[in-house]
Every structure is written in structure tokens, then in C-alpha cells.
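Only one structure is covered here, and it is reproduced in the block below.
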Amino acid sequence: MDNQYQPAEIERQVQENWTRQKAFRAVEADGRPKYYCLSMFPYPSGKLHMGHVRNYTIGDVLTRYHRMRGFNVMQPMGWDAFGLPAENAAMANSVPPAKWTRDNIAYMKKQLQSLGFAIDWERELATCDPSYYRWNQWLFLRMLDRGLVYKTTGTVNWDPVDQTVLANEQVIDGRGWRTGAPVQKREIPMYYMRITAYAEELLASLEELPGWPERVKTMQANWIGRSEGVNIAFPYALDGEQKQLKVFTTRADTVMGVSFCAVAAEHPLAAHAAKNDPKLAAFVDECKRGSVMEADLATMEKKGMPTGLYVTHPLTGEQVEVWVGNYVLMTYGEGAVMGVPAHDERDFAFARKYGLPIPQVIAVEGMTYSSDAWQPWYADYGVCVNSGPYDGLDFQAATDAIARDLKAKKLGEKQVQWRLRDWGISRQRYWGTPVPIIHCEGCGDVAVPDDQLPVVLPEDCVPDGTGNPLNKRADFLECVCPECGGKARRETDTMDTFVDSSWYFLRYACPDSDKAMLDERVKHWLPVDQYIGGIEHAILHLLYSRFWTKVMRDLGLVRIGEPFANLLTQGMVLNEIFYRKAATGRITYYNPVDVDIRTDDKGTRIGAALRSDGQPVESDGIGTMSKSKNNGVDPQKLIEEFGADTARFFMMFASPPEQTLEWSDSGVEGGYRYMKRLWAFAHQWQAAIAGVSKRRNGDYTGHAFPDDLGSSSPTVAGLRREIHTVLKQASFDMERKQFNTVASAAMKMLNALQDGTGADGAAKHLHDALHEGFGILLRVLYPITPHVCHMLWNELGYAGDLLDATWPEVDESALRRDEIELVLQVNGKLRGNILVPSEASRAVVEGLALESEAAKKYVAGQPIKKVVVVPGRLVNIVV
RNA sequence: GCGGACGUGGCGAAAUGGUAUACGCAGCAGACUUAAAAUCUGCUUCCCGACAGGGAGUGCGGGUUCGAGUCCCGCCGUCCGCACCA
């Protein structure tokens, strides 16, 4: 091999070797424990971005490391291939989404392969293949049978010019992204999955996931949003009929302080009252039209109007006026609230504004109430006052008593309320899984029989932005009703792409199963032992996947209730943002590769300028790589210039996996320098290192260094001590997935080996120590930069294939030394070092410490209160 | 507003309650070179000091401990998530 480091050539050869021997094929029948390592599959957008490189490198390091630890590892890969961008690309280039998607898959697969990931490509799947999505349809129908799928109306964004439904991201400032027309809301029939039926379990079983980050679990728990309270009915008569206004409250103890009720603009009562009141109708209309951005809602002024309707307080019998409030959400609870102004900040503001009474019903000891201004304690738990029979009761006792009394009157009871809503899966789009339903005039909505699955999506459509092209396809639309045999029309809605990604990790176990959704092999591989992906999927994707797994368990398809045992959420890849603001106010962003940084002679930054014209540019700080900020770096260029190993090394070295990673060109070059240094060292000492294994007919990889060589010279002993000390740290860091310090460890090892040869190149047994140390280095580095390690392992004559090597063992005897240096502290302050025999007892160490010069100087005759000895570390003299 | 994470050199970062700043980047000096690049060697937290040496130091204030970047309490700041949830 060349003495020059040639990554392109090395990586090509090594990858060919792996492909030839099918090195990463995962087979079930195997005595080893299994390890299923999964990275979130990519959307085939065209080419890989840095986030992918980081994600898949983390997965690959874990994959290769666990193989070294004796696991039977499966690392699959596939494509989240349905979705809107393909339709947009189709419109722009007049190419069918299917072709665009498959071309992208082919290109991105090549990119992934060039990075040398240990993927079992035989398990590859794409969600746009009928062999995959037929099982979306099949499970949809099973859920329909069990009432877990149902049909009802839902609200969508409607573009009146293009006559099409828009996804949320296609609505910009309330207007259609293509037409600029104000978006309308439309109620259309949609299919929903009853995820709320699993709310309780989805929340409770979060506790079975110790391998998940706390914050992801918190986000999921907040999203599910369980609250305990009481449902209260306020009776009223309308058009001679007895009715009830139902509200939900978590503060039933304040019910005696109700001075009004408020309903959402969409509430039936509001609509009814508005019929005879044009001003109210206008207000209701205004509320409905108002911004749908929830962040805006929170800061919006609280407004309301009375409906003129009154309801009866369920306990006092008093008449309570009903208002329409712009802050009441139709989508939570019953769309109505009771107003207790004295003990709810929002209700307080509302009551003050409209002159409603604000009676105190909760007292907190030592606090004085006044209805003039809100005080935070008003919302605290306390003791009931002015509450008739409930006076003196605390929160729990009052809630219990009130719930009991309401229940006796059949006007309320305790209830658990969820924030989670059912999952609407219908999309009025072309490029997705067809919903397997047939509409028949006589029989209504009819399920497609199993033997007619899959309902195949025609792949030659080119959307033009004006509605779903399936509506123009007679060959798709026209069909026969499975029940009556008459003419019928096929459903053209497709499924949310989150459906596709809710079970792909199960299908990897048996991607070729054509008789059933899953087969026996699922039992072997699942659950996923390690899942890796972006934090942006912390809620929806992970929640839907957990939901589907539980549904499939209840259908007898899998045994597990939770799909992902351990979750690693990788940090984002950031880069600096540079821009110029023109006099017109227009901002232009410049890619960091085109910008030069100017520094003073201490290296402190003083400015930045565009290379092409030398004029200054402003920095907008560090942000996620994005097209809009023009701060992305193309991984392809990185691989071509430095090779996959350097790309992988930098990604692992620059920061720990869960933290953000800042791009740095010079950091990449540092990684490349290390690769070159490694290569050069191996070739400089090749004869020595390889010679050892020839001479001794074996090597020391996986074995302790021969006893007679251990302490042959200070150089050798020192080198071995350093290698094994660093190895110990690297093993610890690998287990806790802190890969940046594993990369550091590899660098330290090379530094130690170089120092060893420099200090005493002729030391006895130095070659043995180099052979051992370099073998350890190659195995520590192998999960991160497998190509160069594989090549050097073979060239230097180490035994076997590095693919089958085990993680190196620490030789504790190499760490041993006769004398150790302890830190000497006086009153916790560092005052020097002392040398003590490594086997010295506590008393001996104490004695040596007290006799030392430093101790005498700083103790200076003061009485000694205590001496703390931490074996192997320090002595602290307290005076 | 609620919840979470974080705050360490010029920069990315390390430190399993025990020598803070490992490893790398940038910078400075030197070697090699006609020269540059590449490569190699050394230095590089701050302050005082010519040196020897001394002092300060992990956002700020307090606490626990023989000992705190690390644990606890209170502030300040940054980032992220959720957000009129009754």
C-alpha cells in the first residue's frame, strides 16, 4: 500500500471486501444475543444532508461496537418515501413523484454506501412499494373492524383558486403558498385513528422506558395531557326543552364562586344565540376567523359577549349568565368553562373587563383578598369560604364533597380529561397510501376485501397543484362494489405519511414476508435495542409508533408493547450564518465557505469578509444548517475531498451525540491530519509492528502482554501504562455513548505511541509494545473510522478480520506502578505532590505526607485536625 | 406563563465529588525549505513578576463537604419544547 494516505482508494477496496463477504447480513439463527440498532429512515429528498451523516454515523458506531462486544447485530435501512415534496418536485419538473422518488433513493443509497455503514441492505424497504403499503391498508381495515378507525368530519385548509386542500405548511400567513389566495376552512369527511383509546397506557408505560431521555418522556406526557377534575352540568331550558351546559374543571372546590359561564365561538349554544342577535353573530364570526396560531391565541386580549341565555348553578340554584369567550377552546373538553374570577387569572381579567361579580371562595392563611387586583395566591389551593356547606374544607375534601353532591343530583362526577386528540389520517393528496374504501350508492362506504389488497396507487400521475390527480383517473376511480356488485367509486384520499413510519421498524425483521404483515422473525429482533434520530420526532412519530405497536400487540401481531427500548436523540448540525443587509432592507445570506474570517495576532476574531469582493459581512451567529440561511455544507463534497473516515471522525469528535454540533472546516482538517498521521506512523513502524507477530507466531490482540515483557524498561512500561489507562477511559466512554472522548482517546494513543518511539526507539521490547498498543488503537478507532483501520489491520499482519475482532481488554497489570504520585492538599488547597510506594498503607501515606516539605511549610506548626487520604489520588491535611 | 436543558480558555470541548481546561482548532515561536504549502518541535486561562515564585479563576450570590465545574437553595443569561388545556 501507498505510503501516502489515499482515502478514496482505501475506502473503495475495503467496501468491496465487505460487500463481497456480505459482512453485514443479519441472520436470526445465531447463538449470540441480538442487538437491533436502528436509525430513523430518511425521506428521499434528493441527497444526504449533514444531519443524516451524523445520525447514521452514530448508529454505525454503536452497531460495530456491539458486534465487537459479541452481539448479533442488525442495522437495516429504508426510505420514508411517500410525501408532499415529491408532488412539489413533480409540479416543478413535470416528472411523476414515483420516478423522482426512486431516482433519489438510488442516489442516496450510493451516498450511504460510500460512507461505509454496516447496513444489511437485503432488508431495505421503501414505503411507496405496494408490498409495504398494502399492510398499511390491511391494518387500517382491522382497526376499522374494531372501531379503532372511524369516519367523521374534520377541518382542512382550502385553497379556493387551486380548488385543493393545503397542508399546514402550505399555508403562509393565512394564504395559499402557490396562489396567495386567503385560505378557507372546510369541513370534510375524514378517517381518524382512535389513539385516545390508548391515552392511559401511552402515558403509563412511559415509565417502562428508562432508556429514553427524560425530556422526550416529558414532552410526550405533556402532549397526552392528563388532568383530573370534575364534569359539571349547568341545566337550562331552551325552546321548552331541558338541556345541560357541560363544563370540565380541575378546581371543583371553587364552584361556589362561579359568576358566569363561557362557551367557545363554535359551541352550539353560541350559534343558537347568534341567530337572533346580529352583533353576537358578528362577534362569533370574528372569533372563528381569528388567527389559528396557538401562540398568538395565548397573548390575545380576552374578549366576550353575553348570549342572553342563563343556566342554573347545579348546587346553589342561582341563575348564571352564559357568555361567548374568545379564549375558550372548542377542542378541549366540552368547549365550555365555568367562570370563577376570584381564583382564575383569566376569568379575573374577563370579569373585571365586563363588570361581573368576583366573589372570594378560597382563603389562604395570612393572605388578604381584594377584588381590585389579581394576586398570584388567588389560584393557590386553600380552604373554602363563603361556600355554604363546604366552608372549611381543603381542596381534596371539597372536591370529594362537591363531586359526591353533584353525582347525587346527576349533575356531574369526577372525570379524567385528556389533551390528546384522535389522529386524523386522511390526506387529500396523491402521493401516499390509498385509503382502502369503496363508495357505493347503495351500500355506502365499503371496505376493500383483503383478497383485493393492495389498492395500488397508479405511479404515472403528475400532480399540477389543482387537487388530487386521482380524481381524474377513471381507471383508479371506477370499481365494483364488493357487496352488491354494482358500479362504485374508489376513495381517493391517501394516508398521513406518519402511518408509513409507525411500523417500518417491525417490517425490517421480515421485509420479504408476502403472506402476512409480519412473521415469526419479529419475535427474534424486536424490540429495537437502540433507536437514533432527531429530537424533532420526540412527539408525533414516536407516539404514533408506540400507539401502533400497542394496537398490533392487541391484534396478536407482536408481543411487545413498546417498540424502542433505548432512544438517543442526536443534536442538530449547526453552522455560522453570514449576511449583508442592503439599503433597501433586503438581506442576502452568504455561505460560510465563501467567507474569510479575520483575526488579530492572538487569534481573536475581529471581522469577516466575503472572499470574492473583500467587503465585510455580518455574522448572525450560529444556526441549524438550512437552505434559507445558506449555511449548509454538502456531505458529498466532504467525502470526496477528505474521505468517509474523516467525515465520520469529525462528526464523532466535534461534540457528544446528544449535543448540537458546530461545523468547522479547520476541525475537519484536524481530523484529516490525524488520519494521515495514523497512516504515516503505521508505515514508518510497519516492519517493527508486523515483525512481532511473525517472530512470535501470534499477536497480543485479545491477550495480556507477556509477563516477562511487562516492566522491561521505563519507556515500555510507561507506554503500556498510558495505552491501557486511555483504553480504560475509552471503554467507559463507549458504554455511555460519549463518542467524542473515544475519538480523543484514539488521538491520545497515537500521541503515546509516537512519544514512545521518540523517547527511546531502541528500548528492549518496544516493538512488542508498539504491536500491542497499535492493535488496541485500531480496535478503539474501528467503529468510528472502519476503513482505514481495516486496511492497516491487514497490512500490519494482525490476526483475523477486524470485523470479527473483539473490543480490547484492559491489562490491569500494565496500570500498576511501584511508586505513585499523590496530590498534597492543605485545607483543600493544592500545595504540592508526594511520591509514595503504590502498596503503602494509609498510615504510611499519612506519615509521608506530614513529613513532606510542602506540608511543613503550609502547616507551619498549626494543630492538625484531620488527614484525609484518598487512595491513589490525594492527601488532604486539615489544620 | 409552564416544563426541560445548558452556562468552563480566543473557539469546539474534557473532568466517574478528589491536581480545572485532557483531546483538538486557532494563534505565536522555531526546524526543514531559495520560498511557500505540507510536515515536525515547543509555547499558549487570567493578573503581578525579568526570573524564582505568588495570587485569582468554571455566569452571580449563598449552602452542604476535609474537598464543589460537579450536590442543594436563590438569582441572571442562553437555547429548546409546550402554550388561553379551564
Side-chain angles (χ1 to χ4, degrees), chain A residues 213-219 221-223 225-227 229 247-251 254 262 264 294-302 325-329 331-340 344-347 349-350 417-419 535-536 538-539 571-572 597 599-606 622 650 653-656 658-671 673-674 676-677 680 726 729 732-733 736 738 740-748 751 754 758 821-833 865-870 872-879:
Chain A
E214 238 9 85
R215 65 179 185 134
V216 172
K217 288 191 276 187
T218 306
M219 281 161 76
N222 290 342
W223 188 261
R226 181 181 198 274
S227 36
V247 304
F248 173 77
T249 180
T250 52
R251 289 301 302 270
T254 66
E294 287 176 327
D296 297 342
L297 287 176
T299 51
M300 215 159 70
E301 194 192 349
K302 312 292 174 264
N326 67 346
Y327 65 93
V328 184
L329 299 175
T331 47
Y332 186 76
E334 305 282 345
V337 297
M338 64 181 203
V340 185
D344 179 285
E345 190 169 1
R346 233 177 11 219
D347 295 345
F350 195 83
Q417 187 69 46
W418 302 90
R419 203 195 80 107
I535 186 72
E536 66 273 20
I539 299 177
M572 305 220 255
I597 305 295
T599 59
D600 65 15
D601 54 8
K602 280 191 160 181
T604 307
R605 186 150 142 185
I606 51 174
I622 308 286
F650 172 72
F653 177 67
S655 71
E658 311 222 54
Q659 268 180 45
T660 54
L661 181 151
E662 254 180 66
W663 184 259
S664 154
D665 286 323
S666 47
V668 172
E669 280 160 29
R673 245 191 315 267
Y674 175 66
K676 286 193 287 189
R677 226 151 55 79
V726 174
Q729 186 63 46
F732 177 76
D733 289 340
R736 60 172 174 159
Q738 187 172 285
N740 55 327
T741 47
V742 176
S744 297
M747 288 178 145
K748 286 180 190 176
N751 290 346
Q754 267 171 338
E821 196 173 59
L822 295 187
V823 168
L824 179 70
Q825 295 182 337
V826 179
N827 284 345
K829 273 201 191 303
L830 175 67
R831 294 303 185 191
N833 297 298
K865 278 204 242 169
K866 188 176 179 182
V867 179
V868 180
V869 178
V870 182
R873 286 216 180 255
L874 57 74
V875 183
N876 187 14
I877 302 170
V878 187
V879 298

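Every chain is numbered from 1, with letters handed out A, B, ... down the list of sequences.
Using C1' as the reference atom, B:rA86 and B:rA5 are 29 Å apart when rounded to the nearest Å. Atom C1' of B:rC85 sits at a distance of 31 Å from the matching atom of B:rC76, rounded to the whole Å. The gap from the C1' atom of B:rG24 to that of B:rA13 amounts to 8 Å, rounded to the nearest Å. Atom C1' of B:rC6 sits at a distance of 11 Å from the matching atom of B:rG59, rounded to the whole Å.
Taking atom CE on A:Met338 and atom P on B:rA86, their separation rounds to 12 Å, with Å as the unit. Straight-line distance from the CG atom of A:Asn740 to the P atom of B:rC25: 15 Å, rounded to whole Å. Spacing between atom OH of A:Tyr332 and atom P of B:rA86 amounts to 4 Å, rounded to whole angstrom units. Distance, A:Leu329 CG to B:rC85 C1': 6 Å, rounded to whole Å. The OH-P distance, from A:Tyr327 to B:rG1, rounds to 20 Å in whole Å. A straight line from OH of A:Tyr674 to P of B:rG24 spans 9 Å, rounded to a whole angstrom. In this structure, the CZ atom of A:Arg736 is 7 Å from the C1' atom of B:rU16, given to the nearest Å. Note: CG (A:Leu830) to C1' (B:rG18) measures 11 Å, nearest angstrom.
The side chain to side chain donor-acceptor pair (under 3.5 Å) test applied to A:Trp663 returns A:Asp665, not counting sequence neighbours. Scanning for ring-ring contact (aromatic ring centres under 6.0 Å, His included) contacts around A:Tyr332 gives an empty result, with sequence neighbours left out. For A:Lys748, the salt bridge (Lys or Arg N to Asp or Glu O under 4.0 Å) criterion is met by no residue, not counting sequence neighbours. Looking at residues two or more places apart in sequence or on another chain, you find no side chain to side chain donor-acceptor pair (under 3.5 Å) involving A:Glu334. Remark: A:Asp344 pairs with no residue by the side chain to side chain donor-acceptor pair (under 3.5 Å) rule, at least two apart or across chains.
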Show each protein N/O and nucleotides 38-45 of chain B N/O combination with a separation under 3.5 Å, one pair to a line.
none

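Distance from the side chain of A:Asn326 is smallest to B:rC84 among B:rC82, B:rA14, B:rC84. The listed nucleotides are B:rA26, B:rA13, B:rG18; the one nearest the side chain of A:Leu874 is B:rG18. Checking B:rC84, B:rG18, B:rA22 against every side-chain atom of A:Thr741, the shortest atom distance belongs to B:rA22. In the set B:rC23, B:rC85, B:rG4, B:rC23 carries the atom at the smallest distance from any side-chain atom of A:Asn751.
If you check B:rG27 for Watson-Crick or wobble pairing at under 3.5 angstrom, you find it paired to B:rC43. Nucleotide B:rC2 has B:rG81 as its partner under the Watson-Crick or G-U criteria, with both atom distances under 3.5 Å. Nucleotide B:rU64 is matched to nothing when pairs are restricted to Watson-Crick or G-U wobble geometry with both distances under 3.5 angstrom.
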Review point. Can A:Asn876 and A:Arg831 be said to form a side chain to side chain donor-acceptor pair (under 3.5 Å), step by step?
Key: CA-CA 10 Å; A:Asn876 187 14; A:Arg831 294 303 185 191; over 6 Å; no
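Within 6.0 Å of the CZ atom in A:Arg215, the count of heavy atoms belonging to other residues, nucleotides or ligands does not exceed 12.
The 5' end of RNA chain B is approached more closely, in terms of each residue's nearest nucleotide, by A:Glu662 than by the other of A:Glu662 and A:Gln729. Residue order along RNA chain B, read from the 5' end via each residue's closest nucleotide, puts A:Gly667 first among A:Val328 and A:Gly667.
A:Val337 comes within contact range of at least one nucleobase, with a heavy-atom separation under 4.0 Å.
Residue A:Phe732 and nucleotide B:rU16 are classified as a stacked aromatic pair, their ring centres being separated by less than 5.5 Å at an interplanar angle below 30°.
For the OP1/OP2 pair of B:rC23 and a distance below 4.0 Å, the side-chain nitrogens and oxygens of A:Lys748 include no atom meeting the criterion.
Within the 3.5 Å criterion, the main-chain N or O of A:Ala746 finds a donor-acceptor partner in the side chain of A:Tyr674. A:Asn833 places no side-chain N or O within donor-acceptor distance of the main-chain N or O of A:Glu821, the cut-off being under 3.5 Å.
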